[in-house]
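In this text, all values refer to a predicted model and were calculated from it rather than measured experimentally. Lettering follows sequence order; numbering is per chain, from 1.
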Protein chains: 4
Amino acid sequence: MSPRTEKQFELIREERRQKIMDSALDLFAKNGYDNTSISQIASKADISKGLLYNYFKSKEDLLEAILNTGIDELMDVFDPNKDGVLEVSEMKFFLEEMFKILKKHRVFWRLYFSVTTQPSVFKLVEKRIEEIYKPLTKMTVDYFTRQGHENPTAEAILFGALLDGISFDYVLKPDIFPIEMVKKELINRYCC
Amino acid sequence: MSPRTEKQFELIREERRQKIMDSALDLFAKNGYDNTSISQIASKADISKGLLYNYFKSKEDLLEAILNTGIDELMDVFDPNKDGVLEVSEMKFFLEEMFKILKKHRVFWRLYFSVTTQPSVFKLVEKRIEEIYKPLTKMTVDYFTRQGHENPTAEAILFGALLDGISFDYVLKPDIFPIEMVKKELINRYCC
Amino acid sequence: MSPRTEKQFELIREERRQKIMDSALDLFAKNGYDNTSISQIASKADISKGLLYNYFKSKEDLLEAILNTGIDELMDVFDPNKDGVLEVSEMKFFLEEMFKILKKHRVFWRLYFSVTTQPSVFKLVEKRIEEIYKPLTKMTVDYFTRQGHENPTAEAILFGALLDGISFDYVLKPDIFPIEMVKKELINRYCC
Amino acid sequence: MSPRTEKQFELIREERRQKIMDSALDLFAKNGYDNTSISQIASKADISKGLLYNYFKSKEDLLEAILNTGIDELMDVFDPNKDGVLEVSEMKFFLEEMFKILKKHRVFWRLYFSVTTQPSVFKLVEKRIEEIYKPLTKMTVDYFTRQGHENPTAEAILFGALLDGISFDYVLKPDIFPIEMVKKELINRYCC
DNA sequence: GATGAATGAGCTTTCATTCAT
DNA sequence: TATGAATGAAAGCTCATTCAT
């Protein structure tokens with residue numbers, strides 16, 4: 001008789017939206033953004049193609065939403081803006097947190113690396129990524145400065161590259177990459 | 001008619017083939033494999049679409065050829081099969097060589113990373129990549145063993161990840177990544 | 001419950017119906033029938049898409065209602081059925097009335113001309129239009145006959161075409177078409 | 001063995017292009033631009049959808065080409081720029097020419113009127129249309145001035161509207177509009 | 001060898017209409 | 001009465017690939 005309440009609508013919408021994003025993330029990560037069709041996504045999310053456009057105004061918009069959500073989750077857990085200073089004890093926490101995220105959101109990170117290499121699509125999140133990277137870099141430079149390193153900038157850049165490489169290798173070959181061993185080694189090395 | 005003519009034909013063919021591959025590499029690296037059309041490649045190589053199919057039997061085949069050529073060049077320069085043993089002095093050479101290649105074939109490496117994240121396309125070269133990685137890994141494990149490291153496997157994996165990360169970062173942001181500084185630092189660190 | 005309530009309902013319905021039609025007329029006239037979506041109309045009328053279908057059983061039905069209402073208003077003002085005879089004095093009134101309508105319902109006439117050129121949609125009102133045109137033509141033929149014209153039929157057809165052309169030109173370029181001047185000239189010419 | 005010569009290609013292309021435009025003109029005029037699909041056009045022209053895009057880069061581009069061709073043909077026959085002066089004898093020629101064109105290109109004119117009422121599409125040819133209308137208007141104003149009319153501007157505007165109305169009525173109802181009679185009457189009236 | 005016209009499947013997107021609530 | 005989620009058909013368009021010449 002009466003129409004659905006606003007709250008009911010909101011709830012349904014939120015669930016559907018999430019389901020679409022989950023389906024799309026899986027497919028994007030597995031097959032690449034360009035090789036995933038709206039049909040496939042809709043089919044995986046058990047909805048019609050048309051409905052998808054009720055939730056996202058384009059395929060690109062969907063990708064952007066996925067990436068932003070991933071970045072948001074990341075920043076929630078990881079927020080580097082607390083005070084911007086990394087104590088030795090915090091470095092350990094930082095690394096542990098990073099590995100936790102890497103494992104939990106492996107699929108997302110796979111998509112992330114794939115997007116990174118595609119300018120046409122990377123521009124969607126370039127700004128936000130930079131906003132994250134900048135304070136991170138600063139933090140690690142400061143950290144290595146306080147540690148008394150001779151060339152803290154180089155150290156920080158190598159540290160960043162190392163984390164990138166580890167993430168990349170793990171995300172692409174999770175079954176053979178010895179993530180736990182690497183984690184331990186890393187903590188040994190950088191949190192002495 | 002004469003054998004010379006045939007040789008000339010062969011030469012022309014080879015040159016044209018190379019031109020197609022160069023054009024395609026550029027476009028693939030810049031816009032992505034999926035966002036590059038055969039028309040664009042043919043146009044950039046100054047030939048017709050039809051002729052392109054005279055040289056490569058499909059778009060995928062063209063990509064495969066590009067990747068294999070890149071890998072071949074890599075192995076020519078870098079051949080790790082000489083004797084499979086990396087002396088300390090050779091490690092320095094190895095790293096210098098690697099950075100040389102990275103700079104010279106930056107566009108290729110950009111394509112390489114982009115392809116790596118797309119299984120549908122990575123399968124084309126997966127085998128060969130593994131064939132390269134395996135001895136490399138062994139070599140570095142041996143190296144770190146001989147160096148007396150406590151956990152040479154972990155060290156080798158970190159070393160590999162570091163090289164991957166450096167390559168990745170450099171290739172995506174060549175203008176801001178301090179490649180020379182990183183190279184010096186790396187040699188300092190690993191070739192003592 | 002009480003009849004008054006029902007009357008109020010009726011009133012609300014009527015108002016809403018009118019609002020939908022007004023919104024649709026605006027959009028149809030501005031962007032064309034095909035380029036106007038039900039969503040746009042519903043949004044402009046501040047109702048839901050679903051409710052619109054409570055008032056009109058299809059988009060075509062809505063268009064038909066708009067056209068018929070326009071035609072009805074026209075006939076109310078203009079009623080050529082009074083006695084079917086046009087005196088010289090009445091011709092002046094007729095023309096003045098026509099220009100009044102043209103200015104007041106310019107948007108409607110714009111839609112009218114747009115619809116006229118699209119058979120798939122014109123068929124909706126073809127019959128009624130003919131019912132209007134026929135007596136009008138007869139009336140003018142009689143008028144020109146009484147005026148002693150040599151070829152009153154030709155005169156009537158030219159007169160009709162002239163009115164069509166004036167309407168068309170004015171409706172499409174209201175800002176540059178000198179409607180007042182044309183009106184004066186027309187009255188001078190035909191109501192001597 | 002040898003590829004087609006450039007001339008052969010050119011010939012084939014020109015024929016195909018014309019066939020596509022003819023098919024499209026028919027369908028656009030009959031069903032309207034928006035109600036005609038690329039599929040229908042391709043099917044009527046006996047080609048695939050894809051090929052159509054080898055000749056026209058979009059549906060809009062196709063429409064534009066049709067309209068421009070129509071306008072070109074019109075100007076070839078009708079070129080009002082000869083000297084810009086209309087003698088009495090020339091007025092007769094002018095009108096006869098106009099009716100000839102109207103009959104010969106009736107389908108085009110139907111499309112023209114339909115396009116005129118759709119701003120989204122009219123903009124494609126607005127400029128060119130104005131370039132034609134302006135000298136025409138000037139010419140007729142001059143003509144009526146020379147004829148000694150009291151208000152030549154009004155006369156010219158009425159004359160223009162009359163021609164528009166006649167064209168409109170004829171093009172929409174060619175079977176019942178007495179085009180020959182109207183032509184005679186018009187010549188009588190304006191070329192005394 | 002060399003051309004580019006031609007195909008057809010598949011893409012993203014839109015939208016009139018229906019329907020559970 | 002009133003909502004807007006949901007559908008599905010159809011639109012415009014792209015592109016790897018083939019083929020007659």
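Counting to the nearest Å, the C1' atom of F/dT1 and the CD1 atom of C/Ile20 are 13 Å from each other.
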Applying the Watson-Crick and G-U criteria (both distances under 3.5 angstrom) with [ ] for crossing and | for other-strand pairs, one obtains for DNA chain F .||||||||||||||||||||
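Residue contacts shown for C/Arg13 are limited to sugar-phosphate atoms, with no base heavy atom under 4.0 Å away. Residue-level contact check: C/Arg16 touches the backbone only, with heavy atoms under 4.0 Å from sugar-phosphate atoms and none from bases.
For the residue pair B/Asp34 and A/Gln118, no side-chain donor N or O sits within less than 3.5 Å of a side-chain acceptor on the partner.
A salt bridge is absent between B/Arg16 and B/Asp46: the closest approach of a Lys/Arg side-chain nitrogen to an acidic carboxylate oxygen does not fall below 4.0 angstrom. The pair C/Glu64-C/Arg128 fails the salt-bridge criterion, with no side-chain N (NZ, NE, NH1 or NH2) lying under 4.0 Å from an Asp/Glu carboxylate O.
In this structure, C/Phe113 and C/Trp109 have tilted ring planes: the angle between them lies in the 30° to 60° band.
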Test side chain to side chain contact (heavy atoms under 4.5 Å, CB included) on C/Met21 and C/Leu62 and set out the steps.
CA-CA 7 Å; C/Met21 289 171 66; C/Leu62 169 57; 4.0 Å; yes
Would you tabulate the side-chain donor-acceptor contacts of residues 47-54 of chain C under 3.5 Å, counting partners in other chains and residues two or more places apart, or write 'none'?
{"unit_1": "C/Ser48", "atom_1": "OG", "unit_2": "C/Leu51", "atom_2": "N", "d": "3.2"}

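Proximity of residues 34-64 of chain C to DNA chain E (heavy atom under 4.0 angstrom from any strand atom) is restricted to C/Thr36, C/Ser37, C/Ile38, C/Lys49, C/Tyr53, C/Ser58, C/Lys59.
Both tests hold for D/Lys59 against D/Tyr33: distance to the six-membered ring centre under 6.0 Å, angle to the ring axis within 45°.
For the pair A/Ser114 (side chain) and A/Arg110 (backbone), a donor-acceptor distance under 3.5 Å is absent.
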